[in-house]
Amino acid sequence: MKIKLLSLLCALLLLVGALPAASALDGEALRSANTLAALNLVDSAGAAVDYNQNAPASRADAVLLLVRLAGAEKAAKAAGGSTVFRDVPTSYAPYVAYAVRQGWVCGVSAVEFAPSRAITANAWCAMLLRMLGYRESAGDFTVPDAAAFAQHIGLVSRRYDGALTRGDVFEMMREALTFPYQNGSGTVIERLVESGTCTYATASALGLLDAELTVREAADRCTAAVFCLDLFEKQQQIDRKEPAANASGFLISSDGVAVTNYHSLEDGVYALATFSTGESYPVESVLYYDTEIDIAVVRLSKTSITGKEVSAFSYLELAGTEDVRPGDTVYAIGNPLGLGLAVSSGVVSSTNREVDRYALPCVMNTADISQGSSGGALLNVYGQVIAVTSGAYTYGNSMYLAVPVDPVMSADLTSHSWTLKEVKQMEAAKGD
């Protein structure tokens, strides 16, 4: 086993060594190019893989890389290269013809493809989304908004605008490797292994099949499902756009169901969830809450405050605390001090810390949080939520508290639907 592993590592080193020096490709683009080369998605010959990260990526380059990313290069070549476009070079014709048949791309006119034209962020993201099963006809996205939607669902970790460089395309391809197809048929890298484009051993050695996430990977893949929460207690605050408090929350379903702390919503009449994309969606209703365990489940509107409709949200899976043990690595994502989303890492200190204000024992851990992080996600190394970041011991060191998410996993989220004002009135009535 050790000999096989050594041979594999040597082969990967040779692949990396065959790439141009870092002076041509730097940072993330180089890292991405190395990964794609090891997976046989790019090679050392041809205009499609000019490793100058600052060179514009053409439409022809983008289609070739997309077909390879789909694990369909052999199928494209076998089908032949006939195409209705008169301006497509022979070497690109099979790829363009295949992508057109799949509905992933179209020409700029009935007979022209414009292969040398620079690919834009929206055009490339639209191609990626179609490959993954998303469709404009189904209302999933629009081409003018494709890049924003790709970031919204976590396909890419940052916003891209305008014409893309080859380095940009390489980075976006690398991020797409671990993204799932919309129909639930697995991830892009899993399909590449199934198609024989790359080997399981190579994909595994690169960490692409490893269920455990580094803190960087957790930030890239999970932040899209976490939001900053602004709470308003009076109409005057809403009118002035001055929230009474800041908190956090995270989505647990694609249709906008989200979790936060109850105290993050307490006394509020209106709340607004703002994502890393800058989009803000009102809290539409409260589906479940428990003041004793300090958890609330809400539903976000699918219409942003600017009137933009969204077809789906990125969301996190719930794992609960049953398998959590002291010493486990955890990641926290939230909105510390109301300054915007941030990630931290730590370890579980205790799984059953009794705290007076909570009816359930808390998960005490060392992943840094601050005021404003309340309602954020505490994740295990698989990117699953185990608890809701909720508080800390004021005079302790790295003694942060998170409420187990387990009650949400068994809660009935269909029997009730209250507005924030109704929740406030119900709780006020209890105190009378």
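This chain uses plain numbering: 1 for the first residue, then up along the sequence.
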A.B. asks: Do any N or O atoms from the side chain of Ser248 and from the backbone of Gly372 form a donor-acceptor pair under 3.5 angstrom?
C.D. replies: yes

A.B. asks: Got more than 12 heavy atoms from elsewhere within 6.0 Å of NZ, Lys74?
C.D. replies: no

A.B. asks: Using the rule side-chain contact (heavy atoms from CB on, under 4.5 Å), only one of Leu337, Asn335, Thr389 pairs with Ser370; which is it?
C.D. replies: Leu337

A.B. asks: Go through it in stages, so that I can follow the logic: the residues are Tyr400 and Leu378, the test is side chain to side chain contact (heavy atoms under 4.5 Å, CB included), and I'd like the CA-CA distance, side-chain angles, deciding distance and then a yes or no.
C.D. replies: CA-CA 11 Å; Tyr400 303 108; Leu378 188 68; over 6 Å; no

A.B. asks: I'd like to know if the side chain of Tyr289 reaches the main chain of Leu265, judged simply by a donor and an acceptor atom lying under 3.5 Å from each other, with no hydrogens or angles considered.
C.D. replies: no

A.B. asks: Would you check, one step at a time, whether the test side-chain hydrogen bond (donor to acceptor under 3.5 Å, both in side chains) holds for Tyr92 with Asp61?
C.D. replies: CA-CA 8 Å; Tyr92 288 101; Asp61 293 346; 3.2 Å; yes

A.B. asks: Hey, do the aromatic rings of His416 and Tyr288 have their centres closer than 6.0 Å?
C.D. replies: no

A.B. asks: Give a yes or no on whether the backbone of Leu39 and the side-chain of Thr202 come within a donor-acceptor separation of less than 3.5 Å.
C.D. replies: no

A.B. asks: Hey, is CD on Glu309 packed in by over 12 heavy atoms from elsewhere, all under 6.0 Å?
C.D. replies: yes

A.B. asks: Just how far is it from atom OG of Ser157 to atom CD of Gln151, taken to the nearest 0.5 Å?
C.D. replies: 8.0 Å

A.B. asks: How long is the gap from CD1 on Ile119 to OG on Ser58, to the nearest 0.5 Å?
C.D. replies: 8.0 Å

A.B. asks: For the atom pair OG (Ser254) and OH (Tyr315), what is the distance rounded to the nearest 0.5 Å?
C.D. replies: 6.0 Å

A.B. asks: Would you check if the side chain of Thr366 reaches a backbone N or O of Val347 as a donor-acceptor pair within less than 3.5 Å?
C.D. replies: yes

A.B. asks: For Ser195 and Arg191, indicate whether the former's side chain and the latter's backbone hold a donor-acceptor pair under 3.5 Å.
C.D. replies: yes

A.B. asks: Does Pro282 reach the side chain of Leu272, with side-chain heavy atoms less than 4.5 Å apart?
C.D. replies: yes

A.B. asks: Can the ring centres of Tyr281 and Phe227 be said to be less than 6.0 Å apart?
C.D. replies: no

A.B. asks: More than 12 non-hydrogen atoms from neighbouring residues, nucleotides or ligands closer than 6.0 Å to CD on Gln371, yes or no?
C.D. replies: no

A.B. asks: Within the supplied structure, the quantity of interest is the number of heavy atoms (other residues, nucleotides, ligands) at a distance under 6.0 Å from Asn397 CG; does it exceed 12?
C.D. replies: no

A.B. asks: Counting neighbours of OH on Tyr382 that are heavy atoms of other residues, nucleotides or ligands and sit closer than 6.0 Å, is the number greater than 12?
C.D. replies: no

A.B. asks: Measure from the side-chain N and O atoms of Arg135 to the backbone N and O of Arg130, and report whether any donor-acceptor pair falls under 3.5 Å.
C.D. replies: yes

A.B. asks: Indicate yes or no: at least one non-hydrogen side-chain atom of Val286 is less than 4.5 angstrom from one of Val297.
C.D. replies: no

A.B. asks: Taking the side chain as everything from C-beta on, heavy atoms only, tell me whether Leu64 gets closer than 4.5 Å to Arg68.
C.D. replies: yes

A.B. asks: When you compare the side chain of Val111 with that of Val84, does any pair of heavy atoms fall below 4.5 Å?
C.D. replies: no

A.B. asks: Hey, what do you get for CE (Met127) to CE (Met172), rounding to the nearest 0.5 Å?
C.D. replies: 10.5 Å

A.B. asks: Do Asn183 side-chain atoms and Gly133 backbone N/O form a donor-acceptor pair below 3.5 Å?
C.D. replies: no

A.B. asks: Does any donor atom in the side chain of Thr120 or Asn122 lie under 3.5 Å from an acceptor atom in the other side chain?
C.D. replies: no

A.B. asks: Can we say Glu284 and Lys302 salt-bridge, meaning some charged N sits less than 4.0 Å from an Asp/Glu carboxylate O?
C.D. replies: no

A.B. asks: First locate atom CZ of Arg174, then atom CG of Leu208, and finally report the distance between them rounded to the nearest 0.5 Å.
C.D. replies: 9.0 Å

A.B. asks: In Å and rounded to the nearest 0.5 Å, what is the CG to CG distance from Leu192 to Leu41?
C.D. replies: 5.5 Å

A.B. asks: Is there a side chain to side chain contact (heavy atoms under 4.5 Å, CB included) between Tyr358 and Ser390? Walk through the geometry before answering.
C.D. replies: CA-CA 10 Å; Tyr358 302 113; Ser390 303; 3.4 Å; yes

A.B. asks: Do any N or O atoms from the side chain of Asn380 and from the backbone of Gly383 form a donor-acceptor pair under 3.5 angstrom?
C.D. replies: yes

A.B. asks: Does the pair Arg31/Glu28 count as a salt bridge with the N-to-O cut at 4.0 Å?
C.D. replies: yes

A.B. asks: Look at the side chain of Asp140 and the backbone N and O of Ser311, then say whether any donor-acceptor pair between them is shorter than 3.5 Å.
C.D. replies: no

A.B. asks: Would you mind reporting whether Trp124 and Val156 have side-chain heavy atoms less than 4.5 Å apart?
C.D. replies: no

A.B. asks: Determine whether a donor-acceptor pair (N or O, by modelled atom type, separation under 3.5 Å) exists between the side chain of Arg59 and the backbone of Phe113.
C.D. replies: yes

